2 protein chains.
Amino acid sequence: MAAGSPGTQGGESLLFLTDEQLRKGIEAMFFAYRAFTADPDRILENYEYGRAHHRAIHFINRQPGLTVNTLLTMLGVTKQSLNRVLRTLVEDGLVESRVGRRDKRERHLHLTEKGAMLERELSDAQRARMRAAYRAAGPAAVAGFRQVLEAMMDPDIRRHYQSMKDHTA
Amino acid sequence: MAAGSPGTQGGESLLFLTDEQLRKGIEAMFFAYRAFTADPDRILENYEYGRAHHRAIHFINRQPGLTVNTLLTMLGVTKQSLNRVLRTLVEDGLVESRVGRRDKRERHLHLTEKGAMLERELSDAQRARMRAAYRAAGPAAVAGFRQVLEAMMDPDIRRHYQSMKDHTA
DNA sequence: TTGGAAAGTCAACATAGCTGACATAAAATC
DNA sequence: GATTTTATGTCAGCTATGTTGACTTTCCAA
């Protein structure tokens, strides 16, 4: 692995690719992600749920009717792990699991009214922080932020990500 | 909490602050962070360490001689949790814990040669992905990326973050 | 000299990931 | 029609990493 001396390739200064810059980026990801999850985590403490429940609720809200398998792919966990979470959400009446019409093996997931309420409470908090950060950084920075995150994703997931609803894109 | 209708304030289009945009940002953070941790996680499997060990090693490398308390603040975990990780790293000869000269209660943490080798292996992998993403997105996007992440952090942590080494800033 | 801070330790517990094995139902294929 | 594959669910057990609470030791500083 190269020692990270930047040099100049293609006539462009590549100072933003030094090891120091990359390490700062790594730290920024760590600290920002922790802040990013802190607000919903605080809310979840009031219920008997954890971050795993939040993630499931988020994606079910985003793609109502998605199958268990699709959710599995997006969350990147085992079915046993997801099932534990999903079972409590169904039992508690936050998520509805409907047998597929065409393929009756599939279960299509929807939020109930109660589930949608929790989703809103959680995402309101998370979006509030996001909005403040976006507002502070400005539209150009936000575009760059999204570009870098997208480039960082695994390609299969990136396709899922890009195909998700985005009215203003 | 406002319903997120963007409107136009201050004469500037605030389309980047719509709920949809914010939700996409939330998803981007989730997917990118997972990819971001995947490479070092794969390496750690070969040893008997986890992500918590990686984080400790990272920050000890970045600020050689930092105290346990400082590390605790940066990692945001309890001392009991950190201690379990730190103990194995010291036992395995990756980290050295030196009694403070001025204040003998404090322990100053340093990586050993062996610890520095693992640090490099882990950070090489993590930086490789970061570098690819930076290169794909370009310097302007990277600047925006950093701005948004910084704005997202909790203020106390942001101060720590900003005071850390960054030769090219 | 005493109070409090820094660090370390023990015990018990919770969350959320994992593997492996197995069951059921339904679709798909031979 | 029989067989195989797919989608899902479930049980058991393990691991990593977080938590709280209680306690001890060391030692700086008022």
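Note that this is a predicted model, so its numbers are computed, not measured. Chain A is the first sequence line, chain B the second, and so forth, proteins listed ahead of strands; every chain is numbered from 1. The analysis underlying the following values was restricted to heavy atoms, covering all of them including side chains, and did not include hydrogens, waters or symmetry mates.
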> Between the side chains of B:D92 and B:Y47, does any donor sit under 3.5 Å from an acceptor?
Replying inline: no
From [atom1] of [X] over to [atom2] of [N], roughly how many Å is that when rounded to an integer?
| X | N | atom1 | atom2 | value |
| --- | --- | --- | --- | --- |
| A:R84 | D:dC14 | CZ | P | 15 Å |
| A:L86 | D:dT10 | CG | P | 10 Å |
| A:L82 | D:dG9 | CG | P | 8 Å |
| B:D41 | D:dA16 | CG | P | 13 Å |
| A:L72 | D:dT6 | CG | P | 15 Å |
| A:L71 | D:dT8 | CG | C1' | 13 Å |

>> With a cut-off of less than 4.0 Å, is there a side-chain N or O of B:T78 near OP1 or OP2 of D:dG18?
In response: no
> For B:H53 and D:dT17, is the shortest distance between a side-chain N/O and OP1 or OP2 below 4.0 Å?
Replying inline: yes
>> Short of 4.0 Å, heavy atom to strand atom, which residues of residues 28-40 of chain A count as contacting DNA chain C?
In response: none
Taking side chain to side chain contact (heavy atoms under 4.5 Å, CB included) as the definition, give me every residue that meets it alongside [X], ordered by chain and number, with sequence neighbours left out.
| X | value |
| --- | --- |
| A:Q80 | A:T78 |
| B:R107 | B:V68, B:S97, B:V99 |
| B:R87 | B:N83, B:E91 |

Under 3.5 Å, sequence neighbours excluded: what are the donor-acceptor pairs made by side chains of residues 27-35 of chain A?
unit_1, atom_1, unit_2, atom_2, d
A:E27, OE1, B:R62, NH2, 3.1
A:E27, OE2, B:H58, NE2, 2.7
A:E27, OE2, B:R62, NE, 2.5
A:R34, NH1, B:M74, O, 2.8
A:R34, NH1, B:L75, O, 2.7
A:R34, NH2, B:M74, O, 3.4

I'd like to check the side-chain hydrogen bond (donor to acceptor under 3.5 Å, both in side chains) partners of [X]; sequence neighbours left out, ordered by chain and number.
| X | value |
| --- | --- |
| B:R42 | B:D39 |
| B:Q147 | none |
| B:T112 | none |

>> Applying ring pair (Phe, Tyr, Trp, His ring centres under 6.0 Å) as the test, list every pair that has at least one member in residues 87-143 of chain A; sequence neighbours left out.
In response: A:Y134-A:F145
>> Need to verify one output field. Residue with the more 5' nearest nucleotide on DNA chain C, A:G50 or B:R87?
In response: B:R87
>> Any salt bridge linking B:R131 with A:D19? Criterion: basic side-chain nitrogen under 4.0 Å from a carboxylate oxygen.
In response: yes
> Checking all strands, does B:R51 fall into the base, sugar-phosphate, or nothing category for heavy-atom contacts under 4.0 angstrom?
Replying inline: sugar-phosphate
>> I'd like the 5' and 3' limits of the part of DNA chain C contacted by chain A, with heavy-atom contacts below 4.0 Å.
In response: C:dA16 to C:dA27
>> Under the side chain to side chain donor-acceptor pair (under 3.5 Å) definition, can you give me all pairs with a residue in residues 63-73 of chain B, not counting sequence neighbours?
In response: B:T67-B:T70
>> Across nucleotides 21-30 of chain D, 5' to 3', mark each nucleotide with B, S or - according to how protein heavy atoms within less than 4.0 Å reach it.
In response: BB---BBS--
